[in-house]
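Residues take their numbers from the sequence shown, with the count starting at 1. Below, all heavy atoms of this structure are taken into account, side chains as well, without hydrogens, waters or symmetry copies.
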Amino acid sequence: KIRQAFDYCIPREQVINGLMQGYALPLATEVGTNILGYDPTVQPRKYNITAAKELMAEVFGKTFSNEYGAEPSETVTTTPYFKMTLISPTTNVARTQWASMIAFALTDIGVDVELKWWNWNVIMPRLFLDPAEPTGANYAHGGFDAYFIGFGASADPDYSGQYYNESFAPAGDNSMYVERADFQAIINASLSDPVEANRIAALSDYQEWFYEWVPKSIIRQGLDTFPQDYELEGFDTYNYGRFPWVHNLTHPTETTLTSYVPGDFVDFNPLVSNSWYDSVPMSNCFLSLSARRGIYDLLAYPQLAESWTQSADGKNWTIELKTGMEFSDGHEIDAYDVVESYRVAMN
């Protein structure tokens, strides 16, 4: 009931229309509108402080009031029920803004909220702390109470990593320490049944379970647009979300590619930035020695490297660099630049 109350405190429409300029959809569960098994009957909770306060009163036996002049009584408390710390990454201004909106809403229903804005290198050790108990550690013990993070999903979903007991952090992605045999059974059915209709039915059960238990609150489903010129040769459609192969385009005319990123830009230096949003433009500015073409191609293709050979014992690699490739200050790239880049990254 507490998690349901929190879900009522999320102003999804304000976030979408005010912060995302309408480029998103409110979402109740992890199953988006473009994902197999999406159940349109499971709709997100509307922002409703009254409903949230009623649920909290059911749990704690008294209604919280922070109105001016309110007095405590047998049915009313003016003291917050408990304290919790919300953690939000600094790499996305919109996310920090809606974290603040939600923090204010939680204050209205009787939660003493402290909000922390940190870089990912500070947040991640708390999310994947090795806890003394398999239920995870709270903020006061080096873990977390709640955090804001972005999730992606495939068209044919697999949620096992986030909810299986054997996937508890730090060994797996179940950093929320959800431990429910009934939920696992639903996920298993959604993954293993050979009949698609049965899998869709299991995913519908998944959404009903998710809506009731609210292991995490989903705020919105982003809407992205990716333009593609079908006359453009050499364009790798598997990598349309990020454009790491734009330098290989063989279009006969000069081409400018403009992409947008849903977060503030931090730094052009990949060794300084820890923001995923920086990686989108940086992936077009910096080349690796080699790379893969698309997510389904396991072969390595040359980028800065012209070729490479391996010694007989497998311990040494000899890499020949392409000529004529320039570093950001204009000088031609040589082996020193590559070695120094590794050294700086490791230090």
Taking [Y] as the starting point, is it possible to reach [X] by hopping between hydrophobic residues whose side chains are less than 4.5 Å apart?
{"X": "Leu27", "Y": "Val31", "result": "yes"}
{"X": "Met176", "Y": "Tyr206", "result": "yes"}
{"X": "Leu115", "Y": "Ile149", "result": "no"}
{"X": "Leu289", "Y": "Leu287", "result": "yes"}
{"X": "Ile10", "Y": "Tyr147", "result": "no"}

Under 3.5 Å, side chain of [X] to main-chain N/O of [Y], donor-acceptor pair present?
{"X": "Arg126", "Y": "Ala137", "answer": "no"}
{"X": "Asn119", "Y": "Val122", "answer": "no"}
{"X": "Gln4", "Y": "Glu212", "answer": "yes"}
{"X": "Gln184", "Y": "Asn165", "answer": "yes"}
{"X": "Asn188", "Y": "Ser192", "answer": "no"}
{"X": "Glu306", "Y": "Pro302", "answer": "no"}
{"X": "Glu179", "Y": "Phe168", "answer": "no"}
{"X": "Gln221", "Y": "Leu25", "answer": "no"}
{"X": "Asp145", "Y": "Thr85", "answer": "yes"}
{"X": "Asp193", "Y": "Ala189", "answer": "no"}

Next item on the list: Answer yes or no: is there an ion pair linking Arg12 with Asp7, defined by an N-O contact shorter than 4.0 Å?
Entry: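 Yes.
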Write down the atom of [X], the atom of [Y], and the distance for their closest heavy-atom approach.
{"X": "Ile200", "Y": "Gly37", "answer": "CG2-CA, 4.0 Å"}
{"X": "Thr77", "Y": "Tyr81", "answer": "CG2-CE2, 3.8 Å"}
{"X": "Glu30", "Y": "Phe210", "answer": "OE1-CE1, 3.4 Å"}
{"X": "Ala94", "Y": "Met20", "answer": "CB-SD, 4.3 Å"}
{"X": "Ala169", "Y": "Leu127", "answer": "CB-O, 3.9 Å"}
{"X": "Ala24", "Y": "Ile16", "answer": "O-CG2, 3.5 Å"}

If I take atom [atom1] from residue [X] and atom [atom2] from residue [Y], how far apart are they, to the nearest 0.5 angstrom?
{"X": "Arg220", "Y": "Glu13", "atom1": "CZ", "atom2": "CD", "answer": "13.5 Å"}
{"X": "Leu55", "Y": "Arg3", "atom1": "CG", "atom2": "CZ", "answer": "12.0 Å"}
{"X": "Phe286", "Y": "Ser341", "atom1": "CZ", "atom2": "OG", "answer": "9.0 Å"}
{"X": "Ser190", "Y": "Asp205", "atom1": "OG", "atom2": "CG", "answer": "10.0 Å"}
{"X": "Ser204", "Y": "Tyr38", "atom1": "OG", "atom2": "OH", "answer": "11.5 Å"}
{"X": "Thr90", "Y": "Lys116", "atom1": "OG1", "atom2": "NZ", "answer": "14.0 Å"}

State, yes or no, whether a side-chain contact exists between [X] and [Y] at a heavy-atom distance under 4.5 Å.
{"X": "Ile49", "Y": "Cys9", "value": "yes"}
{"X": "Phe64", "Y": "Met56", "value": "no"}
{"X": "Phe151", "Y": "Ile218", "value": "no"}
{"X": "Thr75", "Y": "Thr63", "value": "no"}
{"X": "Tyr8", "Y": "Glu54", "value": "no"}

[X] [atom1]: over 12 foreign heavy atoms closer than 6.0 Å:
{"X": "Gln21", "atom1": "CD", "value": "no"}
{"X": "Glu320", "atom1": "CD", "value": "no"}
{"X": "Tyr342", "atom1": "OH", "value": "no"}
{"X": "Glu74", "atom1": "CD", "value": "no"}

Notebook entry, point to check: Looking at Tyr163, is Arg180 sitting on its ring face, NZ or CZ under 6.0 Å from the six-membered ring centre and within 45 degrees of the normal?
Noted result: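 Not satisfied by the 6.0 Å and 45° rule.
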Notebook entry, point to check: Phe183 and ring-ring contact (aromatic ring centres under 6.0 Å, His included): which partner among Trp213, Tyr164, Trp209, Tyr159?
Noted result: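 Looking at Trp213, Tyr164, Trp209, Tyr159, the match for Phe183 under the ring-ring contact (aromatic ring centres under 6.0 Å, His included) is Trp209.
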Checklist line | Those residues that, when tested against Trp117, pass ring pair (Phe, Tyr, Trp, His ring centres under 6.0 Å) (two or more places apart) | finding: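 By the ring pair (Phe, Tyr, Trp, His ring centres under 6.0 Å) rule, Trp117 matches no residue at all.
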Check: Who else is in the cluster with Tyr68 when I, L, V, M, F, W and Y are joined by side-chain contacts under 4.5 Å?
Finding: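 Result for Tyr68 is none, singleton.
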Next item on the list: Not counting sequence neighbours, list each pair that qualifies as a salt bridge (charged side-chain N to carboxylate O under 4.0 Å, His left out) and has a residue in residues 331-340.
Entry: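 Of all non-adjacent pairs touching residues 331-340, those that pass salt bridge (charged side-chain N to carboxylate O under 4.0 Å, His left out) are Glu340-Arg343.
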Next item on the list: Please list, chain by chain and in numerical order, all residues satisfying salt bridge (charged side-chain N to carboxylate O under 4.0 Å, His left out) with Arg95, sequence neighbours excluded.
Entry: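 Listed in chain order: nothing, the list is empty.
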Notebook entry, point to check: Glu58: what forms a salt bridge (charged side-chain N to carboxylate O under 4.0 Å, His left out) with it, not counting sequence neighbours?
Noted result: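 Here the qualifying residues are Lys1.
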Margin query: I'd like to know whether Leu191 forms a side chain to side chain contact (heavy atoms under 4.5 Å, CB included) with Asp158, so could you lay out the CA-CA distance, the side-chain angles of the two residues, the decisive distance to 0.1 Å, and finally the verdict.
Written below: CA-CA 7 Å; Leu191 292 173; Asp158 177 359; 3.5 Å; yes
Next item on the list: Would you please test Ile187 and Ser160 for side chain to side chain contact (heavy atoms under 4.5 Å, CB included) and show each step?
Entry: CA-CA 6 Å; Ile187 294 174; Ser160 59; 4.1 Å; yes
Tabulate below the donor-acceptor pairs under 3.5 Å that side-chain atoms of residues 97-111 make, not counting sequence neighbours, or state none.
| unit_1 | atom_1 | unit_2 | atom_2 | d |
| --- | --- | --- | --- | --- |
| Ser100 | OG | Thr96 | O | 3.1 |
| Thr107 | OG1 | Ala103 | O | 3.0 |
| Asp108 | OD1 | Asn66 | ND2 | 3.3 |

